[in-house]
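Fair warning: this is a prediction, and the values are worked out from it, not measured in the lab.
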Amino acid sequence: MNTLTLHQPGQLRYTASPPLPPPGVGQVRLRIHRVGVCGTDYHAYRGRQPFFTYPRVLGHELGAEVVAVGEGVADVRPGDHCSVEPYLNCGNCQACRLGKPNCCLDMRVLGVHTDGGFRELINIAAHKVHVSKTLSFDQLALVEPLGIGCHAANRAALTPQDTVLVIGAGPIGLAVVAFARLSGARVVVMDINTDRLRFCVEATGSETMLKPTDPPGELRERLRGDLPTAVFDATGNAQSMQEAFGWVAHGGRLVFVGLFQGEVTFNDPDFHRRELTLMASRNALPADFRFIIERMETGQLSTSAWITHRADFGQVADRFGQWLDPTSQVVKAMVSVT
């Protein structure tokens, strides 16, 4: 079986997989069945991903099967189907000790800081595996991107009294929408791509769609003179993130889910006058994975419309460039590895 490695921006090549040692103490060996392709992978392919070095095996949205377990593993067994929490935290730093392993000081994310899942087999700590007896490999590969939205929504502590604006209708924005709706909040989605907005209506049933043609007047009109109490920017676009401050109601929260390589500035007197709360949202927590799997198993979260493009493992190197083309209208590409 081959490994797919990104050697330099735009250079994906298949190479023979090196022998994999047996799983160590507390580890499991996984056979990768599905890998979802996300914005991080696309940014790395273009050479625009922060915290990234080449060469690298991409892939962190994984649907997998346990094929072997190491010494000391009791709660996971061969044959289990699972999602993988790809955030390899140290467990010892201040953030980890405070229960925030998602922002570990020595964080290594599969497919970003260390080699990921575009290969047949991988060894990983057993506590990073989240088992489901009913979900498909497709669904399990979508748990991680859903976790990004779940954690962001939790950061904002949404309630049914909130009005939420999600900027960016890509997969991460869709994930935020899903959990904002679960909170009972009213949700408005903004994107410059009308196809994405149309898809968002179909996939999430969001109440209102909006293109930023007249900010913030049109939004105020839709909200009867008000502004959103919680705004999530999931674009990773510098201009959008700068402008997002203007969409937030007095006393509201702004959550940056996306990121870019640069600086964000804001007008400090206006920021204080409106007493805004500004937050970053990074990765997800272990509890988010368990929560999402439970909601998917009970049918409260549906991802049936999310996968718009598929490829076998041997097709990925050729398809990657096509998926980057906006005319392909990719929402989520899913790769069958085995």
Side-chain angles (χ1 to χ4, degrees), residues 1-17 32-63 84 86-88 107-120 122 138 141-142 144-148 168-175 191-193 195-196 199 233-241 257-262 282-283 306-338:
M1 185 68 183
N2 286 335
T3 296
L4 181 61
T5 303
L6 181 62
H7 289 269
Q8 291 294 332
Q11 297 180 14
L12 278 169
R13 295 200 299 269
Y14 295 96
T15 57
S17 299
I32 306 300
H33 287 273
R34 298 288 187 276
V35 181
V37 182
C38 84
T40 298
D41 303 317
Y42 295 132
H43 293 322
Y45 185 84
R46 286 171 161 159
R48 302 175 185 172
Q49 177 61 31
F51 322 122
F52 195 89
T53 58
Y54 303 86
R56 180 65 64 221
V57 178
L58 299 176
H60 62 273
E61 299 179 359
L62 309 179
V84 177
Y87 320 126
L88 310 182
M107 174 64 71
R108 295 177 299 125
V109 179
L110 290 178
V112 181
H113 310 92
T114 189
D115 287 342
F118 271 124
R119 46 182 160 163
E120 182 181 12
I122 189 172
D138 282 350
L142 291 173
E144 192 277 338
L146 282 166
I148 305 299
I172 299 305
L174 289 173
D191 200 293
I192 60 174
N193 187 319
D195 291 324
R196 282 290 178 89
F199 178 86
D233 192 293
T235 66
N237 177 275
Q239 181 178 346
S240 176
M241 292 168 70
V257 192
L259 75 157
F260 74 101
Q261 298 189 64
R282 187 185 185 194
N283 301 330
W306 282 41
I307 301 172
T308 56
H309 293 65
R310 292 184 179 274
D312 292 330
F313 186 60
Q315 300 173 316
V316 177
D318 293 330
R319 297 283 179 86
F320 224 85
Q322 299 173 23
W323 293 335
L324 285 165
D325 184 346
T327 63
S328 66
Q329 298 184 26
V330 173
V331 175
K332 176 60 65 178
M334 186 66 67
V335 177
S336 298
V337 178
T338 56

Which atoms form the tightest heavy-atom contact between [X] and [Y], and what is the distance?
X: Pro145; Y: Ala141; answer: CD-O, 3.5 Å
X: Glu61; Y: Cys38; answer: OE2-CB, 2.9 Å
X: Arg119; Y: Val337; answer: O-CG1, 3.5 Å
X: Ala44; Y: Leu58; answer: CB-CD2, 4.1 Å
X: Thr308; Y: Gln329; answer: OG1-O, 4.1 Å

Is there side-chain contact between [X] and [Y], with heavy atoms separated by less than 4.5 Å?
X: Arg56; Y: Asp115; result: yes
X: His33; Y: Ser336; result: no
X: Glu144; Y: Leu62; result: no
X: His7; Y: Pro55; result: yes
X: Phe118; Y: Leu6; result: no
X: Tyr14; Y: Val316; result: yes
X: Ile32; Y: Val84; result: no

Point to revise | Residues forming a ring pair (Phe, Tyr, Trp, His ring centres under 6.0 Å) with Phe260, sequence neighbours excluded | key: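 Phe260 satisfies ring pair (Phe, Tyr, Trp, His ring centres under 6.0 Å) with no other residue.
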
Would you compute the distance between atom [atom1] of [X] and atom [atom2] of [Y] and round it to the nearest 0.5 angstrom?
X: Thr327; Y: Gln322; atom1: OG1; atom2: CD; value: 9.5 Å
X: Arg319; Y: Arg310; atom1: CZ; atom2: CZ; value: 12.0 Å
X: Arg48; Y: His43; atom1: CZ; atom2: NE2; value: 8.5 Å

inquiry  = Any side-chain to backbone donor/acceptor pair from Asp191 onto Arg196? Under 3.5 Å, distance only.
reply    =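 Not a single qualifying donor-acceptor pair exists.
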
Looking at Ser328, is its backbone amide N or carbonyl O close enough to the side chain of His309 to form a donor-acceptor pair, meaning the two atoms are under 3.5 Å apart?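 Such a contact is found between His309 side chain and Ser328 backbone.
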
Check residues 234-241 and write down every donor-acceptor pair under 3.5 Å in which the side-chain atom is one partner and the other belongs to a residue at least two apart or another chain.
unit_1: Thr235; atom_1: OG1; unit_2: Asp233; atom_2: OD1; d: 2.6
unit_1: Thr235; atom_1: OG1; unit_2: Asn237; atom_2: N; d: 3.0
unit_1: Thr235; atom_1: OG1; unit_2: Ser240; atom_2: OG; d: 3.4
unit_1: Asn237; atom_1: OD1; unit_2: Gln239; atom_2: N; d: 3.1
unit_1: Asn237; atom_1: OD1; unit_2: Ser240; atom_2: N; d: 2.9
unit_1: Gln239; atom_1: NE2; unit_2: Glu243; atom_2: OE2; d: 3.0
unit_1: Ser240; atom_1: OG; unit_2: Asp233; atom_2: OD2; d: 2.6

Query raised in the report: So which of Val35, Asp41, Thr114 actually passes side chain to side chain contact (heavy atoms under 4.5 Å, CB included) with His60?
Result: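 When Val35, Asp41, Thr114 are each tested with His60, the side chain to side chain contact (heavy atoms under 4.5 Å, CB included) holds only for Asp41.
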
Between Tyr54 and Phe52, how do the two ring planes meet: parallel, tilted or perpendicular, split at 30° and 60°?
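Geometry flag for Phe52 against Tyr54: perpendicular rings.
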
Over 60° means perpendicular and under 30° means parallel, so tell me whether Tyr45 and Phe320 are parallel, tilted or perpendicular.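 Taking Phe320 first and then Tyr45, their aromatic rings sit tilted (interplane angle of 30° to 60°).
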
Using the rule given for side-chain contact (heavy atoms from CB on, under 4.5 Å), can you reason through Asn283 versus Met107, listing the C-alpha separation, both sets of side-chain angles and the distance that settles it, and then say yes or no? CA-CA 10 Å; Asn283 301 330; Met107 174 64 71; 3.9 Å; yes

Lys/Arg-Asp/Glu bridge criterion (N-O < 4.0 Å) met for Asp138, Lys332: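 Salt bridge flag = no for Lys332 with Asp138.
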
